[in-house]
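Working notes, beginning with the structure itself.
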Amino acid sequence: MIPAAFDYVRASSVDDAIRLLGEHGDDAKLLAGGHSLIPMMKLRLAAPAMLIDITGIPQLDAIRVDGNRVTIGALTKHAALAASDALKKTAPALWDAANQLGDPQVRNRGTIGGASAHGDPSADYPAVLLALDATFTVVGKGGERKLRAGDFFREMFDTALGAGEVLTAIAFDAAPKSAYVKYHHPASHYAVVGAAAVLTLNGGSIATARVAIAGVGDSAFRAGGVESALAGVRGSDEAAVAAACAGTASGQDARSDTFASGAYRAAMADVFTARAVAQAASR
Amino acid sequence: MEYRNGKIGVKGDPSKSMTTAEAGFMAFMGDNLPPGLEPGMDATRRFEPPNFVFPFGTHVCVVEVDAKTGQVEFVKYLAVDDCGRLLNPMIVEGQVHGGIAQGLSQAMFEEVVYDGDGQLLTGTLMDYAIPHAEQVPHYDLDHTVTATTVNPLGIKGVGEAGTIGSTPAVANAVMDALAPFGVVHIDMPLKPEKLWTAMHAKNGRAR
Ligand SMILES: Cc1cc2nc3c(=O)[nH]c(=O)nc-3n(C[C@H](O)[C@H](O)[C@H](O)COP(=O)(O)OP(=O)(O)OC[C@H]3O[C@@H](n4cnc5c(N)ncnc54)[C@H](O)[C@@H]3O)c2cc1C
């Protein structure tokens, strides 16, 4: 539980962080809230020689709503998201996730940027950000890139972030009919299964649906088959919603651990997806 | 020596006395004692009660099991324990609270898992589940007071009352919920997947 020796430096701006990343190369890691990186270092699953602390960079921790567009700075803490009325109105799915993430200590330190960049398959935000079809702004030596969530999240602990790049913001269109429901692991409280649903409704019927699942696959994933099956279904018709949400994890090699087998996880993905859809429709 | 007016004194000599605190301090410091006398002042007495005490009680637990997931929700927990006279009721309640949590944790959560090579898979509290405050129910506690006659205070033990009562109360409540599915036994801990699998194996309508 004692990390390998490392050095520490504070970046004053995004450009400064990029410069420092270039200087120290593969030996360096960005440090945000530290609530994924520090535990990995203590278990010696990570041993960066240099930590570049980005928490002092100004203006990266704001939640901005411009008309229909919501933009969240990468350094925004879970607690700020959980307490945001603007977020609750514009993207309740993300608000749900922030409120159910970890415990108060974790929420007071961890950031949405760190949680996304880490690529943990049991983390909550990736499913929500996939369902929101969010756009990730990533800045490196060569300038700025915009990545869609579907391209950003790749595999377990692997994202499209380049070695010298900093994630600065995450943006998406407002999605008031959205919800995230979570099956908490009894010990870690990470997602055994997390289901995010983003709907548009036509009367009481679902016009379009985007559904994404955390905890089940090697990375969060969209459930395309379920999304099309949901079209035309009445959100309040429990049986029809459940039928449309069958086979959420089909094509996935569902993960198994000491708490839940792959088969059980896959079955729970269906149940929790149906609940997320019903909740989103009722909002 | 005799004890008079809150002081230790020499019998028959009213001018020679000191408080117990003064005597204790002298004994503890030990630098003014007659030769050969060890410093310190303590005595041990042992009390052998003529019989065991018999605390008793009843614990009732109400749970709901979600047939779709196997997840268990506590609805109510009531414990009535009799530990004789309650000298400090707050400490008694604390003991019962902690004991119930420990016992229900055994019934529902705690499990040491090794893989085939003998590698411990539940080696941290991120894997080995011990309930947080929000994972245990509110406890409704009450007491009957049946003083024992085998000690002068009328007191009986309470330390284990919670653990002894809660493990079977919780496990039996869950098994009672599963009775309509024809399930009669599941090994603890009663993890959701086990309940879900048992409900499915016995009865397709759980889905
Ligand atoms: C006890 C506990 C319980 C938790 N429970 C949950 C849970 O239920 N659900 C959940 O989703 N998460 C959970 N987490 C994880 C939590 O969300 C972390 O805060 C988050 O995963 C990491 O964010 P951070 O800001 O702490 O990042 P750090 O730990 O500082 O960094 C994580 C990784 O991201 C990189 N990084 C950080 N910021 C950037 C950036 N702007 N650009 C590029 N790379 C960056 C770092 O270099 C590092 O590789 C839990 C953590 C703990 C300790």
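Here is the naming used below: chain letters follow the sequence lines, and residue numbers restart at 1 for every chain.
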Can you establish whether the number of heavy atoms outside [X] located under 6.0 Å from its atom [atom1] is more than 12?
X      : atom1 : value
B:E38  : CD    : no
A:D253 : CG    : no
B:N5   : CG    : no
A:R109 : CZ    : no
A:Y8   : OH    : yes
B:E134 : CD    : yes
A:L45  : CG    : yes
B:Y114 : OH    : no

Enter the distance from [X]:[atom1] to [Y]:[atom2] here, rounded to the nearest 0.5 Å.
X      : Y      : atom1 : atom2 : answer
B:Q71  : A:H184 : CD    : NE2   : 9.5 Å
B:K194 : A:Y264 : NZ    : OH    : 12.5 Å
A:D257 : B:T122 : CG    : OG1   : 11.5 Å

Measure across A:A187 and B:A129 and return the closest heavy-atom pair with its distance rounded to 0.1 Å.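 In terms of heavy atoms, the two residues are closest at CB-CA, 3.6 Å.
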What are the two closest heavy atoms between B:K68 and A:M268, and how far apart are they?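 Heavy atoms of B:K68 and A:M268 come nearest at O-CE, 3.3 Å.
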Contact origin within [X] toward chain A - heavy atom pairs under 4.5 Å:
X      : answer
B:Y128 : backbone
B:E193 : both
B:T69  : both
B:E110 : neither
B:P131 : neither

If you count heavy-atom pairs within less than 4.5 Å of chain A, which of B:T124, B:L125, B:I130 leads?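 Highest number of pairs under 4.5 Å: B:L125.
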Check the pair B:H132, A:H189 against side-chain contact (heavy atoms from CB on, under 4.5 Å), reporting the backbone distance first and the verdict last. CA-CA 10 Å; B:H132 294 189; A:H189 292 268; 3.4 Å; yes
Under a 4.0 Å threshold between the charged nitrogen and the carboxylate oxygen, would A:R275 count as salt-bridged to B:D66?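 Salt bridge present between B:D66 and A:R275.
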For each of A:A263, A:A260, A:S261, tally heavy-atom pairs with chain B at distances under 4.5 Å, and name the one with the top tally.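 The answer is A:S261.
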